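Please read the structure below before turning to the comments.
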Amino acid sequence: MKVLLVNGSPHKEGCTYTALKEAAGALEKNGIETEIMWLGVDALAGCIGCGACAKTGKGCFRKDVVNEFVEKAGEADGYIFGTPVHYAAASGALTSFMDRAFYSGGSKMTGKPAAAVVSCRRGGASAAFDQINKYFTINCMPIVSSQYWNQVHGSNAEEVVKDEEGMQTMRTLGNNMAWLIKCIEAGKEKGIAFPEREPVVRTNYIR
């Protein structure tokens with residue numbers, strides 16, 4: 001069993017990474033393999049609505065970290081997406097990444113647990129947290145909770161470590177995700193499969 005964690009911060013081992021690493025540590029103690037993917041600092045284009053990925057079932061024609069993630073997504077059992085708070089929202093890089101990753105590879109993540117993790121100096125965490133969670137709720141994914149909202153505070157990694165409640169929240173998140181993944185696996189062994197989907201109905205407001 002494996003969880004993919006995505007670091008949407010431009011800083012490879014900053015505040016967001018510190019939070020994700022704490023959650024990953026708890027997952028690993030529960031026997032869950034983890035991998036933290038960093039989006040990096042190179043330009044990451046957003047979705048242009050060309051529909052190519054919907055037609056081919058593959059990632060966008062661009063060759064970047066989005067396609068790398070989508071290729072790995074099918075083999076993962078859970079996902080955690082982390083971001084710093086920029087203007088009370090997720091980072092631009094993570095927003096572009098998730099737009100494309102869910103449009104092209106959402107079917108690979110359906111039915112699997114997911115969680116959002118946000119890092120902020122002071123405020124805006126709940127708005128960014130809510131933004132990321134919306135990707136999960138539109139894709140039939142169970143959202144993993146913790147003892148508080150999945151957030152840490154600090155201006156740098158050293159300060160985040162001092163956020164004892166935030167660090168504990170990350171560990172609880174990791175434990176809860178490990179528990180849910182194991183519950184889903186146990187259900188499969190008992191013949192409890194993910195609910196069969198009805199054909200999708202789309203109702204446009206203008207006809």
Side-chain angles (χ1 to χ4, degrees), residues 1-9 15-39 68-83 90 94-95 97-99 101-119 125-152 160 163-198:
M1 291 177 279
K2 181 177 181 178
V3 170
L4 276 177
L5 300 92
V6 177
N7 179 5
S9 170
C15 300
T16 303
Y17 171 83
T18 302
L20 292 174
K21 190 68 175 176
E22 195 74 4
L27 283 160
E28 290 169 359
K29 285 183 179 180
N30 282 279
I32 307 294
E33 181 185 352
T34 66
E35 179 182 351
I36 299 178
M37 294 184 64
W38 180 47
L39 299 188
E68 179 186 348
F69 170 84
V70 170
E71 288 179 3
K72 295 180 178 182
E75 302 301 319
D77 301 285
Y79 315 88
I80 300 178
F81 299 87
T83 184
L94 186 70
T95 299
F97 171 88
M98 294 187 75
D99 282 353
F102 273 78
Y103 195 77
S104 63
S107 61
K108 296 183 179 182
M109 295 181 274
T110 297
K112 299 177 183 179
V117 164
V118 297
S119 167
S126 60
F129 186 64
D130 179 60
Q131 176 190 345
I132 299 175
N133 280 339
K134 287 186 172 71
Y135 290 90
F136 314 143
T137 59
I138 201 173
N139 198 44
C140 297
M141 300 171 73
I143 296 177
V144 182
S145 60
S146 187
Q147 66 195 56
Y148 196 74
W149 293 296
N150 306 332
Q151 62 190 53
V152 295
V160 168
D163 179 7
E164 295 181 7
E165 183 176 357
M167 290 287 95
Q168 187 179 64
T169 299
M170 294 302 111
R171 293 192 296 274
T172 301
L173 173 63
N175 290 333
N176 288 351
M177 177 165 278
W179 169 78
L180 184 53
I181 288 173
K182 291 178 181 180
C183 285
I184 292 173
E185 188 62 27
K188 290 179 181 177
E189 293 174 0
K190 293 292 185 179
I192 302 173
F194 185 74
E196 185 176 345
R197 297 280 300 277
E198 296 181 8

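All values derive from a computational prediction rather than experimental measurement.
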- Which pair of heavy atoms, one from Ala116 and one from Phe136, lies closest together, and at what distance? N-CE1, 3.9 Å
- Item | Pairwise distance NZ(Lys21) to CG(Leu5) - rounded to 0.5 angstrom | 9.5 Å
- Note on the structure: Tightest non-hydrogen contact, residues Tyr135 and Thr95, listed as OH-O, 3.6 Å
- Query: Would a 4.5 Å heavy-atom cut-off, applied to side chains only, mark Met141 and Phe102 as touching?
  - Reply: yes
- Going from CZ on Phe81 to CG on Leu4, what distance comes out if it is rounded to the nearest 0.5 angstrom? 8.0 Å
- Query: Can you name the one residue among Lys112, Met177, Met1 that meets side chain to side chain contact (heavy atoms under 4.5 Å, CB included) with Asp77?
  - Reply: Met1
- Note on the structure: Output for pair (Ser9 OG, Leu94 CG), nearest 0.5 Å, gives 10.0 Å
- Which residues share a side-chain contact (heavy atoms from CB on, under 4.5 Å) with Ala178, sequence neighbours left out: Leu27, Asn30, Ile32
- Could you tell me which residues satisfy salt bridge (Lys or Arg N to Asp or Glu O under 4.0 Å) with Asp130, sequence neighbours excluded, listed by chain and number? Lys134
- Side-chain contact test, heavy atoms from C-beta onward, threshold under 4.5 Å: evaluate it for Glu164 versus Gln168 and give yes or no. no
- The residue among Val118, Asn7, Ile36 that forms side chain to side chain contact (heavy atoms under 4.5 Å, CB included) with Thr16 is Asn7
- Task: Quick one: list whatever passes salt bridge (Lys or Arg N to Asp or Glu O under 4.0 Å) with Lys188, sequence neighbours left out.
- Result: none
- Query: Listed by chain and number, what are the side-chain contact (heavy atoms from CB on, under 4.5 Å) partners of Ala73, not counting sequence neighbours?
  - Reply: Phe69, Tyr79, Lys108, Met109
- Within 6.0 angstrom of Trp149 CH2, more than 12 heavy atoms from elsewhere: no
- For residues Val152 and Met167, determine if any side-chain heavy atom of one lies less than 4.5 Å from a side-chain heavy atom of the other. yes
- Query: Between Glu75 and Lys2, is there a salt bridge with N-O shorter than 4.0 Å?
  - Reply: no
- Query: How far apart are the closest heavy atoms of Leu39 and Phe97, and which atoms are they?
  - Reply: CD2-CD1, 3.5 Å
- What are the two closest non-hydrogen atoms of Pro113 and Ile181, and how far apart are they? CG-CG1, 4.0 Å
- N/O donor-acceptor pair under 3.5 Å between Gln131 side chain and Ala90 backbone: yes
- With sequence neighbours left out, what residues match Thr110 under side-chain contact (heavy atoms from CB on, under 4.5 Å)? Asn139, Cys140, Phe194, Arg197
- Roughly how far, to the nearest 0.5 Å, is OG of Ser145 from CG of Leu180? 9.0 Å
- Message: So, taking the atom named CD1 in Ile80 and the one named OG1 in Thr34, what distance separates them when rounded to the nearest 0.5 Å?
- Response: 9.0 Å
- Item | Point-to-point distance, once rounded to the nearest 0.5 Å, from CG of Leu173 to CD of Glu22 | 11.0 Å
- Who pairs with Glu165 by salt bridge (Lys or Arg N to Asp or Glu O under 4.0 Å), at least two apart in sequence or on another chain? none
- Task: Locate the shortest heavy-atom distance separating Leu20 from Val6; write the atom from each residue and the value.
- Result: CD1-O, 3.5 Å
